[in-house]
Amino acid sequence: MDSGFTLAGKTFGSRLIIGTGKYRSFDEMKAAHRASGAEMVTVAVNRVPLDRKTESFLDHLDPAMQILPNTAGCYDAEHAIRTSRLAREALETDWIKLEVIGDPVTLLPDNEQTLEAAKVLVKEGFIVLPYFSDDLIMAKKLLGAGCPAVMPLAAPIGSGLGVQNPANLRIMREQLPDATIIVDAGVGVPSDAAIAMELGADAILMNTAIAEAGDAAQMATAMKLAVEAGRLAYLSGRMPKRLYASASSPIAGAIK
């Protein structure tokens, strides 16, 4: 069976990372988190009262889960760096999901600003997990800067479009066999998650697909199973694609 994956010396049995936004209630969020089996949860630093003076989803997180603050809402490296420092002080963790958005409509990442921020944060001792476009060259640069993993998008944030460029993810996996690749953004249904895992992703981070489902807990369960199935399929090795049919039973020795 799959033994999970390791980041910064910490091993996670679940390859599903879950979010905290868009849920209709705290109880719904907690039920979805439990059903997902996730061991890491991401938190938008710019959208939560870090002083804990008012109730927020921070008060409803399973303390056993690894908190992964993110810099959602940052549009330049300076803002992302400042937000990361605030997160470390308030949440007492060096982990950060680095997001630097380049366009307010598509929410596509600014890869150059992301790399600039990553270099600074790695030097300051952060465990930087950068969200970026599915670009092999940028992945190499981010890993070279000291990021322990890279987080290429499947599709724009919250779009639910699924993996738009499977060839890019497949190439990234083949060219970076030892890197930890976490697909982030764009997964809409379990089959999307399975495809991403079948392409060789080490894990998937998702939020909207679960939070906006009619039954968030049920969708979380479905996503958990899809991630597990996709991973096992990748490890198993798929059959080759063929242009023509290939009989399941051998013809040799058949009754005539």
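The structure presented is a predicted model; accordingly, all values stated were derived computationally and were not measured.
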* Asked: Ignoring hydrogens and geometry, is there a side-chain-to-backbone donor-acceptor pair from S25 to E28 under 3.5 Å?
  -> yes
* Note, V100 side chain near L98 side chain (heavy atom, < 4.5 Å) -> yes
* Spatial distance of atom CG (L136) from atom CZ (R173) [nearest 0.5 Å] -> 11.5 Å
* Asked: Does V183 belong to the same Ile/Leu/Val/Met/Phe/Trp/Tyr cluster as L142, with side-chain heavy atoms less than 4.5 Å apart forming each link?
  -> no
* Is there a donor-acceptor contact under 3.5 Å from the side chain of R231 to the main chain of D202? -> no
* To do: Report yes if some heavy atom in the side chain of I96 is under 4.5 Å from a heavy atom in the side chain of S84; otherwise report no.
  => yes
* Asked: If you measure from OG1 on T180 to CG on L143, what distance do you get to the nearest 0.5 Å?
  -> 8.5 Å
* Asked: So does K30 have more than 12 non-hydrogen atoms from other groups sitting under 6.0 Å from NZ?
  -> yes
Pairs of donor and acceptor atoms involving the side chains of residues 64-71, under 3.5 Å and at least two apart or interchain, shall be tabulated with distances.
residue: Q66; atom: OE1; partner: K10; partner atom: NZ; Å: 2.9
residue: N70; atom: OD1; partner: A72; partner atom: N; Å: 3.0
residue: N70; atom: ND2; partner: T42; partner atom: OG1; Å: 2.9
residue: N70; atom: ND2; partner: V43; partner atom: O; Å: 3.3
residue: T71; atom: OG1; partner: E99; partner atom: N; Å: 2.7
residue: T71; atom: OG1; partner: E99; partner atom: O; Å: 2.7

* Single-linkage hydrophobic cluster, 4.5 Å side-chain cutoff, V45 and I18 together -> yes
* Asked: Between R88 and E92, is there a side-chain N and carboxylate O pair less than 4.0 Å apart?
  -> no
* How would you list, by chain and number, every residue that makes a ring pair (Phe, Tyr, Trp, His ring centres under 6.0 Å) with F5, sequence neighbours excluded? -> F12
* Atom of Y23, atom of A216 and distance for their closest heavy-atom approach -> CE2-CB, 4.0 Å
* Structure fact -> Here the gap from C147 atom SG to L7 atom CG, rounded to the nearest 0.5 Å, amounts to 11.0 Å
* To do: Indicate the ring-plane relationship of F26 and H60, choosing parallel, tilted or perpendicular according to the 30° and 60° boundaries.
  => parallel
* Asked: Do W95 and V41 share a hydrophobic cluster, counting only Ile, Leu, Val, Met, Phe, Trp and Tyr and linking them when any side-chain heavy atoms are less than 4.5 Å apart?
  -> no
* To do: Could you pull out the closest heavy-atom pair between A77 and Q113, with the gap in Å?
  => N-OE1, 2.8 Å
* **Residue pair F132 / L153, side-chain heavy-atom distance below 4.5 Å** => no
* To do: Would you name the heavy atoms of D192 and G160 that are closest together and state the gap between them?
  => OD2-O, 4.1 Å
* Electrostatic pair K141:D135 at N-O distance under 4.0 angstrom -> no
* Residue list, side chain to side chain contact (heavy atoms under 4.5 Å, CB included) with R238, at least two apart or on another chain -> K241
* **Other residues, nucleotides, ligands: >12 heavy atoms within 6.0 Å of R170 CZ** => no
* Asked: Do L232 and M197 come close enough that some side-chain heavy atom pair is under 4.5 Å?
  -> no
* Which heavy-atom pair separates M223 from A209 by the least distance, and what is that distance? -> CE-CB, 3.7 Å
* **side chain to side chain contact (heavy atoms under 4.5 Å, CB included) evaluation trace for V150 with M138** => CA-CA 9 Å; V150 288; M138 184 54 63; over 6 Å; no
* Asked: Atom CD1 of I101 and atom OG1 of T114: how far apart are they, to the nearest 0.5 Å?
  -> 7.5 Å
* **Sub-4.5 Å side-chain heavy-atom contact between F126 and V120** => no
* **L108 reachable from I182 in the ILVMFWY side-chain graph, under 4.5 Å edges** => no
* Do the side chains of I204 and L199 join up, straight or via other hydrophobic residues, at under 4.5 Å, putting them in one cluster? -> yes
* Asked: So do the side chains of P152 and Y131 get within less than 4.5 Å of each other, counting heavy atoms only?
  -> no
* Can you tell me how far the CG atom of L129 sits from the CE atom of M40, to the nearest 0.5 Å? -> 6.5 Å
* **Worked check of side chain to side chain contact (heavy atoms under 4.5 Å, CB included) between H79 and T83** => CA-CA 6 Å; H79 189 191; T83 300; 3.3 Å; yes
* With no hydrogens and no angle check, is any side-chain donor or acceptor of N111 less than 3.5 Å from a backbone partner on S133? -> yes
* L205 and K97: side chain to side chain contact (heavy atoms under 4.5 Å, CB included), yes or no, with the steps? -> CA-CA 11 Å; L205 189 154; K97 179 196 168 190; 4.2 Å; yes
* Asked: With a cut-off of 6.0 Å (strictly less than), are more than 12 heavy atoms of other residues, nucleotides or ligands near CD of Q218?
  -> no
* Is there a donor-acceptor contact under 3.5 Å from the side chain of N168 to the main chain of N165? -> no
* Would you say D134's side chain and L169's backbone share a donor-acceptor pair under 3.5 angstrom? -> no
* Asked: Sub-3.5 Å donor-acceptor pair from the side chain of T221 to the main-chain atoms of A217, do we have one?
  -> yes
* R85 and E124 ion-paired at < 4.0 Å -> yes
* Structure fact -> What one should report as the nearest heavy-atom pair of A226 and A193 is CB-CB, 4.2 Å
* Measure the spacing between OG1 of T20 and NE2 of H33 and express it to the nearest 0.5 Å. => 6.5 Å
* **Any donor-acceptor pair under 3.5 Å from D94 side chain to I127 backbone** => no
* Please name the pair of heavy atoms, one in G13 and one in E39, separated by the smallest distance, quoted to 0.1 Å. => N-OE1, 2.9 Å
* Asked: Between D62 and R34, is there a side-chain N and carboxylate O pair less than 4.0 Å apart?
  -> no
